[in-house]
There are 2 protein chains.
Amino acid sequence: MTTIYDVARRSGVSPATVSRVLSGRRNVDPELSEKVRAAVAELGYRPNGVARNLRKASTNLWAVVISDIENPFFTSLVRGLEDVAQTEGYHVVLCNSDEDPAKEAAYASAVLTEQMAGVVVSPTSTAEGVLQLAEAKTPMVLIDRRVDGVEADTVLVDNEHGAAEGVKHLIDGGYERIACITGPRRVSTAMDRLAGYRSALRAAGIPYDKDLVRHADFREAGGFAAMESLLELPEPPEALFVSNNLMTVGALECLAKRGLRAPDDIALVGFDDIPWADLVVPSLTTVAQPTYELGRTAGLLLKDRIAAPGRPPSTVTLRTELHVRATSAPKQK
Amino acid sequence: MTTIYDVARRSGVSPATVSRVLSGRRNVDPELSEKVRAAVAELGYRPNGVARNLRKASTNLWAVVISDIENPFFTSLVRGLEDVAQTEGYHVVLCNSDEDPAKEAAYASAVLTEQMAGVVVSPTSTAEGVLQLAEAKTPMVLIDRRVDGVEADTVLVDNEHGAAEGVKHLIDGGYERIACITGPRRVSTAMDRLAGYRSALRAAGIPYDKDLVRHADFREAGGFAAMESLLELPEPPEALFVSNNLMTVGALECLAKRGLRAPDDIALVGFDDIPWADLVVPSLTTVAQPTYELGRTAGLLLKDRIAAPGRPPSTVTLRTELHVRATSAPKQK
DNA sequence: GCCCTTGTTTTGAACGTTTCGAGCAGGATG
DNA sequence: CATCCTGCTCGAAACGTTCAAAACAAGGGC
C-alpha cells in the first residue's frame with residue numbers, strides 16, 4: 001500500500017505538506033502543490049480513510065435505524081436520507097431493528113464503537129438504544145416518533161391533523177359508523193392518529209364508540225385480524241380508518257378473502273401511501289406522508305447538528321396530503 | 001474517552017493483556033481476565049472500532065451498490081443481505097447508483113479508501129466501478145447481472161428459463177401474437193429474458209416477429225411508452241411479456257389510462273413480483289424472483305470470499321417461480 | 001543444580017493520518 | 001544593522017488498537 005510518506009519522498013517534501021495539499025488547505029506553494037499532485041498521480045496514491053478517521057476521531061458514516069427497509073414508508077425515507085448524505089459526503093449504514101429493542105440497542109452500541117458521525121432513528125417502543133445514544137451525546141435525529149425524556153432533533157408528520165382529515169373525508173361522504181384500526185398504545189404515532197380520528201368525530205358530533213377501535217401491531221397480520229374482529233361485530237362498521245400502510249393491506253386482504261368490496265360494503269381510508277395505490281382496484285384513498293421528504297429533512301437536520309452540536313434541538317413537522325381515490329366514495333343512500 | 005490503557009492501569013496489567021482478554025483469545029489467566037472485566041465495567045470502557053480497523057487494515061463494512069433502493073427487487077435483496085451481514089458481524093452501507101456509471105465509480109472509490117471489507121454490486125452497463133474494484137482485488141459479489149471480463153462470485157437468476165416459462169404459460173393459454181418489452185441491449189438480464197421469450201416461441205413453432213419487441217429502460221416511464229407503441233401497431237398483440245417489475249407497472253398504467261383491461265384486451269405476464277401483486281385487480285401473473293434469497297446468497301458468498309480470497313470464483317443460479325394469477329387467464333374463443 | 005520447555009505477560013513497534021509548535025527564509029520596520 | 005513579522009515547511013507527537021518478539025516464571029528431566 002502506498003502511503004503519504006511515499007508521496008512525500010517522491011515529491012521531495014514532508015508528509016505534513018502532502019497532507020495539507022490533499023486536504024485543500026491554503027498556505028502551500030503552488031509549485032510544491034503541483035509536484036505533490038504529480039507524485040500522487042504517478043504512484044496511484046489513495047488516502048487511507050480509516051487512518052484519517054482515527055486521527056480525526058470521527059467517521060463519515062451515518063446510521064439509519066428503522067424497523068424494516070421492506071416497509072415502503074422506510075424505503076422512501078431512507079432514499080431521501082441517502083441523497084442528502086451523498087451530497088454532504090457521508091455514507092449511510094442501514095440498520096433494520098424489526099421493532100426489537102435489543103436489536104436497536106445493539107445497533108446503538110455499534111454506532112458508538114464505530115464512531116459514526118450521526119444517527120437517524122425511528123425508535124422502538126422502549127427506545128433503550130436511543131437513550132444510550134442521547135447519553136453519549138451522539139448527533140441524532142428522531143424520526144416519525146417522539147421519545148419521552150429525550151431532547152433531540154425530531155422530524156414528525158402532522159399525524160393528528162392528517163388522520164382527522166382522512167376521517168372527516170369519510171364523514172363528509174355520509175358515513176357515521178366509522179371504525180379505526182390503530183397501532184400499539186406505547187407508540188406516539190398510533191396515539192396521535194387515534195386522537196385525530198376522535199377529534200374528527202367530535203367535530204362532527206358523532207359519539208365516540210370504543211368498540212369500534214382496535215389496537216394492532218402496525219403489521220399486515222395485525223390489520224387482517226383487526227379487520228376480522230370488526231366484521232364480526234353484531235353491527236359492523238360502514239367505514240374504516242386504518243392508521244398505517246401495512247395494516248391497510250392486511251385489512252384489504254381480509255375483505256378480499258370474504259368477498260367484500262370497498263367502498264360498497266365498507267368504505268376505507270388508509271394512513272400512509274402504498275406504492276402504486278392507483279393500480280389497486282378499487283384504488284385506495286390514503287393520507288399520504290411525504291416519506292422522501294421526511295428522510296431528506298432528517299438528513300439536513302443531522303448535518304446541522306453535526307456542524308453545531310450545542311444548538312438547542314428543533315422539531316420539524318411535515319404536512320400530510322389526502323389522496324382521494326375510489327375506496328372512500330360517498331355513501332349510496 | 002477511556003482507552004485500553006486506562007483499563008490496563010486500573011486492573012494492574014498491560015494493555016496487551018487487556019486486548020487479549022477482550023478479543024477472547026485463550027492463554028490468559030482466569031483471575032486476570034476477571035480483573036480486566038471488572039475494570040472494563042467500572043470504567044464503562046468501549047473499544048475504539050476505528051483504531052482496531054486501522055491496526056487490522058480492514059473494517060466490518062460491506063457496501064451494497066444497487067441502482068435504487070426504492071425498486072422492490074432491490075429492497076428485498078438488501079434485506080436478505082443485511083440479515084446475513086448482521087449474523088456475521090458486518091454492517092451494510094447502502095449505495096444507490098441510479099444506473100449512473102459515475103456514481104458507481106464514486107462508490108467504488110469510497111469502498112477502497114474506506115477499506116470496506118467487501119462489496120455486493122449490481123453493475124451498471126459500463127461497470128467501470130466494478131473493474132476498479134476487481135483490479136484492487138476487493139472481495140466482491142456480482143448480483144443480478146454478469147460483467148464481461150470480470151471474474152467474480154456471481155449470483156444470478158435463471159432469467160432465460162424463467163422468461164420462457166412465463167411466455168410458454170401464455171402460449172398454453174391459447175395466445176399466439178405475443179409481444180415482449182425488455183430492457184437495454186447492453187444489460188445481460190434484458191438479453192437473457194429476451195432469449196427466453198424467443199426460445200418459448202420457437203418451441204411452440206411460433207415465428208419470431210421483431211416488430212413485437214421493444215427495448216426500454218427498465219423503468220416505469222419506459223414501460224408506459226413501450227406499451228403505447230405496441231398498442232399503436234396496425235395489429236396490436238393479444239398478449240404481452242414484460243421483463244421487469246417497474247416496466248410492468250408502467251404498462252399497466254398505460255392500459256388503465258386507455259380503459260383497456262387484462263386479460264380481456266391483452267393478457268399479461270410480468271417478470272419479477274411487485275409487492276401485493278394479489279391486491280391489484282385483476283391480479284398480476286408474474287415470474288417471481290427469489291429476491292430475498294438473492295441477497296442472502298450474495299452475503300454468504302461474500303463471507304466465504306473474505307475468508308478465502310484465493311478460491312476460484314463461483315456462480316450461483318437461483319430458480320424463478322411462476323405465480324399464475326388473473327392477468328394471464330386463457331384466451332376466450 | 002542446571003538447562004530446556006511450556007505457558008503466560010509485557011515491551012515496543014507498528015498501522016497512516018493530521019496537526020501543533022518550531023524553524024527558517026526573506027522582506028519590512030525602526 | 002538589529003529586530004520583528006509573515007508565510008511556508010518540517011519534525012514529531014499524537015489517535016487507540018493489535019501483534020511479534022522478548023522476558024519471565026514455573027515445572028520437569030537429566
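Below, each value reflects all heavy atoms present in this structure, side chains not excepted, and no hydrogens, waters or symmetry copies. Not measured: the values here are computed from a predicted model. By convention in this document, chain letters (A, B, ...) are assigned in the order of the sequence lines, proteins followed by strands, and residues within each chain are numbered from 1.
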Please list, for nucleotides 23-28 of chain D, all pairs of protein and nucleotide N/O atoms separated by less than 3.5 Å.
none

**Prompt:** With a non-hydrogen cut-off below 4.0 angstrom, is Ala16(B) in contact with a base, only sugar-phosphate, or nothing?
**Reply:** base
**Item:** Any side-chain donor near an acceptor of the partner, Gln115(B) and Thr59(B), under 3.5 Å
**Value:** no
**Asked** Roughly how many Å is it from CG in Leu22(A) to P in dT18(C), rounded to a whole number?
**Response** 7 Å
**Message:** Over 60° means perpendicular and under 30° means parallel, so tell me whether His91(A) and Tyr107(B) are parallel, tilted or perpendicular.
**Reply:** tilted
**Prompt:** How would you list, by chain and number, every residue that makes a salt bridge (charged side-chain N to carboxylate O under 4.0 Å, His left out) with Asp6(A), sequence neighbours excluded?
**Reply:** Arg9(A)
Pick out the pairs of N or O atoms, protein on one side and nucleotides 22-24 of chain C on the other, that lie under 3.5 Å.
none

**Asked** Glu114(B) has an atom CD; how far is it from atom P of dG16(C), in whole Å?
**Response** 15 Å
**Request:** May I have the distance from Arg9(B) (atom CZ) to dT9(C) (atom P), rounded to whole angstrom?
**Result:** 20 Å
**Prompt:** Roughly, in whole Å, what's the span from CG in Asp29(A) to C1' in dC10(D)?
**Reply:** 14 Å
**Prompt:** Partners of Asp217(A) by salt bridge (charged side-chain N to carboxylate O under 4.0 Å, His left out), sequence neighbours excluded?
**Reply:** none
**Message:** With no hydrogens and no angle check, just 3.5 Å: does a side-chain donor-acceptor pair link Arg20(B) and Thr17(B)?
**Reply:** yes
**Message:** For Leu156(B), is there any backbone N or O sitting under 3.5 Å from a side-chain donor or acceptor partner on Thr317(B)?
**Reply:** no
**Prompt:** Will you find, in the side chains of Arg46(A) and Ser109(B), an N or O donor that is under 3.5 Å from an N or O acceptor?
**Reply:** yes
**Asked** Within the structure, does a side-chain N or O atom of Ser14(A) lie under 4.0 Å from either OP1 or OP2 of dG11(D)?
**Response** no
**Asked** Taking atom types as modelled and ignoring hydrogens, do the side chains of Tyr292(A) and Asp83(A) form a donor-acceptor contact shorter than 3.5 angstrom?
**Response** yes
**Item:** Rounded distance [0.5 Å steps], CG in Asp148(A) versus CG in Leu131(A)
**Value:** 10.0 Å
Distances under 3.5 Å only, N/O to N/O: pair up the protein atoms with those of nucleotides 13-17 of chain D.
residue: dA14(D); atom: N3; partner: Arg55(A); partner atom: NH1; Å: 3.2
residue: dT17(D); atom: OP1; partner: Tyr45(B); partner atom: OH; Å: 2.3
residue: dT17(D); atom: OP1; partner: Asn48(B); partner atom: N; Å: 3.2
residue: dT17(D); atom: OP2; partner: Ile4(B); partner atom: N; Å: 2.5

**Request:** First locate atom CG of Asn71(A), then atom CZ of Arg219(A), and finally report the distance between them rounded to the nearest 0.5 Å.
**Result:** 10.0 Å
**Asked** Quick one: salt bridge (charged side-chain N to carboxylate O under 4.0 Å, His left out) partners of Glu70(B), sequence neighbours excluded?
**Response** none
**Whole-Å distance separating the CG atom of Asn60(A) from the C1' atom of dT17(C)** = 14 Å
**Message:** What contact category does Val13(A) fall into here, base, sugar-phosphate, or nothing, at under 4.0 angstrom with non-hydrogen atoms?
**Reply:** sugar-phosphate
**Asked** Just how far, in rounded Å, is P of dG7(C) from CG of Leu32(B)?
**Response** 17 Å
